[in-house]
Structure formats: structure tokens, C-alpha cells
Amino acid sequence: MAFGLFKKKREEKSEIPSVKAGHLNLTVQKVVNETADAISIYFEQPTAGKINYKSGQFLTLIAEINGKKERRAYSLCTSPFVDSHPAVTVKRVEGGLMSNHLGDKLKAGDQLEVLEPIGNFTTTFDANNERHIILFGGGSGITPLMSLAKSALNQEPKSKISLIYANRDANSIIFKTTLEQMEMENPGRFKVVHVLGQAPSDWKGHKGFLTQEIIKQALETLPHLTPDQTEFFMCGPGPMMDIVEQSLSNLDIPKAQVHKESFTSDAGKKKEKSADDNKIIAREVTVIYDGEEYKYTVEPGETILEKGLDQDIDLPFSCQSGLCTACRGKCVSGKVKMDEDEGLSEAELNEGYVLPCVSHPLTDDVVIEIG
Ligand SMILES: Cc1cc2nc3c(=O)[nH]c(=O)nc-3n(C[C@H](O)[C@H](O)[C@H](O)COP(=O)(O)OP(=O)(O)OC[C@H]3O[C@@H](n4cnc5c(N)ncnc54)[C@H](O)[C@@H]3O)c2cc1C
Ligand code: FES
């Protein structure tokens with residue numbers, strides 16, 4: 001079989017009949033227009049029991065588009081402690097398959113196939129905590145931050161929460177009214193600093209792209225706690241998060257206190273060729289999943305996940321970009337090269353975890369255990 005050199009998005013066969021393990025069939029309770037190009041999709045809780053999720057986690061939505069099943073990850077914007085119905089917020093991407101399909105077609109009463117919530121962009125809440133949670137959001141990156149902010153306000157009465165939120169213009173601020181209300185209801189505990197790319201003439205806040213200077217100025221206006229009592233969460237476009245990371249690194253904030261969620265991958269960016277690239281040749285791999293052992297050969301130009309799915313092995317996955325960790329497995333033998341490892345923490349990498357959706361075998365003895 002011939003395979004293209006570039007990673008193709010997996011298109012599932014549409015005849016998968018009913019709900020499988022880890023899949024849920026959810027009914028849409030309501031669709032709320034947040035801005036001209038963003039909607040929130042609220043789900044009814046399943047009759048079998050409430051959806052169990054942590055603030056900051058995401059759902060994988062599966063929808064049939066042009067006769068094929070597509071999967072995309074969407075962060076929950078709701079708090080499990082506050083909101084009765086879980087919801088995700090989807091912003092349209094120009095030419096994007098899923099975001100436009102959902103924006104155009106979805107309505108209350110529709111059923112959606114969804115993968116159970118997962119994700120590590122979260123924190124453990126404790127009523128005794130007295131910390132400052134500083135959130136940096138850009139555009140649709142507000143979604144998991146909203147979930148974290150609501151939960152922190154509800155669960156940690158002694159903690160303060162601040163949000164530095166960058167948007168193109170005033171009309172693209174998702175959750176504008178809810179954020180204003182949260183500020184009013186939590187004086188001294190919740191503060192939003194808006195940054196607008198294009199601001200109206202009477203705008204008193206920060207203007208232009210989020211820069212290190214703006215971050216410095218914004219941080220100076222926030223309540224001060226010692227650095228070890230402060231935790232940072234960021235989610236937004238790659239260039240914005242690079243600036244935030246650089247600013248926090250300049251302030252000597254330890255990496256363990258900085259949490260990052262990426263919606264898009266850097267894998268497409270031109271990367272330096274490494275010596276390992278020459279070792280990517282057709283090699284057999286062993287994947288152990290759900291008590292079964294599968295052996296198959298992965299060609300250069302395809303990933304371990306991609307080839308497994310082509311072999312009709314029902315492996316877990318969502319983003320296929322090395323971001324979400326839905327496909328995570330442990331490489332218990334041999335060595336792989338990952339095109340992208342952003343989704344994994346340093347500890348996970350040290351323990352041998354890999355993301356098969358962006359992995360190529362470098363040796364002939366690769367064994368990956370998933371689940
Ligand atoms: C863990 C995780 C959580 C996510 N949470 C959210 C969320 O809460 N809300 C949300 O709206 N999206 C979220 N995303 C992004 C989402 O999964 C989709 O990638 C996005 O909706 C685009 O899908 P699409 O099918 O419309 O576009 P596609 O058909 O997949 O892509 C069309 C084109 O748009 C580019 N593209 C893809 N995503 C983006 C983007 N975000 N911005 C700019 N260009 C892009 C692609 O590279 C491609 O060129 C999340 C992604 C991850 C990995
Ligand atoms: S499917 Fe998302 S990291 Fe592999």
C-alpha cells in the first residue's frame with residue numbers, strides 16, 4: 001500500500017454503529033451564540049449518570065461531515081462545581097470542517113457522539129488554598145480558563161483569580177457579560193484585564209498585541225502574593241503563549257507553576273532536521289491495547305497511530321496533532337521519534353510516555369502499551 005509523505009487527518013468509516021466504551025451519546029440542551037463566530041454547546045446530562053470531568057479538561061466531539069466521521073477536541077467552559085449542564089465553546093476557523101459544521105448545523109435536541117473528558121490542564125482545588133491563579137487567554141483559549149476560574153471562585157474562598165484576556169476587538173470577546181458579572185460578584189477576588197488588538201477610540205485598557213511590556217504592566221496592577229503562591233495557566237494562539245512564557249521565564253517563575261494548553265500544533269512549522277530522521281524507515285512495531293497485542297509495519301511518512309487505525313485497530317485518539325494526549329502510551333521497548341511532544345510533561349517524557357499520533361519507530365524493537 002502506498003502512503004503519502006504528509007500526515008493525513010484520519011477519516012473514520014461512518015458505519016460504526018452504536019456507542020463504544022469511552023464514547024457517550026449526548027443530547028444538545030441548547031446552543032448559545034457567544035459572538036458572531038463562537039457558540040457554546042450545552043449538553044443534557046446522560047440518564048446513566050452525570051459526566052464526570054475536571055475543570056480545564058476537554059471533550060472530543062465526533063460528527064459525520066461529508067459522509068465521514070471527524071473528531072475534534074473542545075475544552076469544557078463550564079465548572080463541574082457550578083454548572084448543571086456541561087458545555088463546550090467552539091469558535092469558527094476559516095475553512096475549518098468541524099467548527100463550521102457545528103456552527104451551521106447544530107441545534108437543541110440533536111445527538112452528538114462524544115469521547116469522555118480527558119486532559120491535564122487542570123488543578124486540584126482545596127478550600128484551604130490561599131493562592132493567586134493568573135490566567136492568560138487569547139480568543140477561544142478562554143474556554144478552559146473560564147472553567148478553571150469558575151471552579152476556583154467557587155471552591156477556594158481565600159484565593160484570588162486574575163485573567164489577562166487578549167482579543168482581536170471588543171466584539172470578539174467571548175463571555176464578555178459573564179466575566180463582568182463574575183467581577184461584580186467577586187470584588188477583590190476576580191479581576192479581568194482586557195487587551196484589544198483593535199480598540200475603540202474611547203477604550204481605556206491595553207491596546208495592540210499582547211507584549212511583554214503589557215504583561216509586565218498588567219501583573220503590576222494585580223493583587224500581590226509571593227511567587228510560590230501564584231500559579232499560571234495559559235491558552236491561546238502559539239505566538240501569544242510564546243510571549244507569555246518568555247515573560248514568566250524573565251520573572252524566574254518556576255516551570256512547574258506554569259500550565260499551558262495548545263489548540264494548534266507546531267508540527268507543521270519547519271523544524272531542524274535531526275540525525276534521527278535518517279533512522280525513520282519501514283519498521284515493525286508492537287502495540288498492546290485493551291488486552292490485545294498488535295504487530296504491524298509503519299512506513300516512513302506515517303505515524304504509529306495512523307497505521308494502526310488503517311489496520312482497523314480501534315486505538316484511542318482525538319487531535320492527531322500531539323496536543324491532547326488521548327492516544328498516549330508507554331514505550332516499554334525501543335525508541336520512537338515524536339514530531340511534537342507538547343502534550344506531554346517532562347515527567348511523562350522521562351517515564352517513557354509517547355504520543356503514537358506523532359510517533360515514528362526508530363528501532364526494530366518498539367513496543368507501546370496503551371491504556
Ligand atoms: C486539547 C484541545 C482543546 C481545544 N479546545 C477548543 C475550544 O475550546 N474551542 C475551539 O474553538 N477550539 C478548540 N480546539 C481546536 C479544535 O479542536 C479544532 O482544531 C478547531 O475547531 C478547528 O477544527 P476544524 O475542523 O474547524 O478545522 P480543520 O478542518 O481541522 O482545519 C482547518 C484549518 O484551520 C487550521 N486550524 C485548526 N485549528 C485552528 C485554530 N484553533 N485557530 C486557527 N487555525 C486553526 C488548521 O491548521 C487547518 O489549516 C482545541 C484543540 C485541542 C487540541
Ligand atoms: S490524538 Fe491527541 S495527542 Fe495523539
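Ligands are counted one by one from 1 in listed order, and the atoms in each one are counted from 1 as well. These values consider heavy atoms only, across backbone and side chains, with no hydrogens, waters or symmetry-generated copies.
- Heavy atoms of Gly343 stay at 4.0 angstrom or farther from ligand 2.
- Close approach of ligand 1 to Thr143 is summarised as follows: ligand atoms under 4.0 Å from at least one heavy atom of the residue are 8 (O).
- Residues Lys255 and Glu346 are not paired through a salt bridge, judged by the lack of any N-O separation under 4.0 Å between the basic side chain and the carboxylate.
- Distance check for Cys357 against atom 4 (Fe) of ligand 2: an N/O/S atom falls below 2.8 Å.
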Evaluate salt bridge (Lys or Arg N to Asp or Glu O under 4.0 Å) for Lys279 paired with Asp276, printing each intermediate quantity in order. CA-CA 5 Å; Lys279 296 187 201 150; Asp276 280 345; 3.2 Å; yes

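- Put simply, part of Glu261 is less than 4.0 Å from ligand 1, judged by heavy atoms.
- In this structure, the separation between CG on Leu24 and CD on Glu113 is 9.0 Å, given to the nearest 0.5 Å.
- No salt bridge links Lys307 with Asp310; every basic N to acidic carboxylate O contact stays at or beyond 4.0 Å.
- Below 4.0 Å from some heavy atom of Gly96 lie the following atoms of ligand 1, by number and element: 24 (P), 26 (O), 27 (O), 28 (P), 29 (O), 32 (C).
- Of the heavy atoms in Leu305, none comes closer than 4.0 Å to ligand 2.
- Cys327 lies close to atom 4 (Fe) of ligand 2, since one of its N, O or S atoms is found at a distance under 2.8 Å.
- Considering backbone and side-chain N/O atoms, Cys319 never comes within less than 3.5 Å of an N/O atom of ligand 1.
- Applying the 6.0 Å contact sphere to CG of Asp104 captures more than 12 heavy atoms from other residues, nucleotides or ligands.
- Contact analysis leaves Val88 out of contact with ligand 1, as no non-hydrogen atom separation drops below 4.0 angstrom.
- Less than 4.0 angstrom separates some heavy atom of Val90 from each of these atoms of ligand 1: 11 (O).
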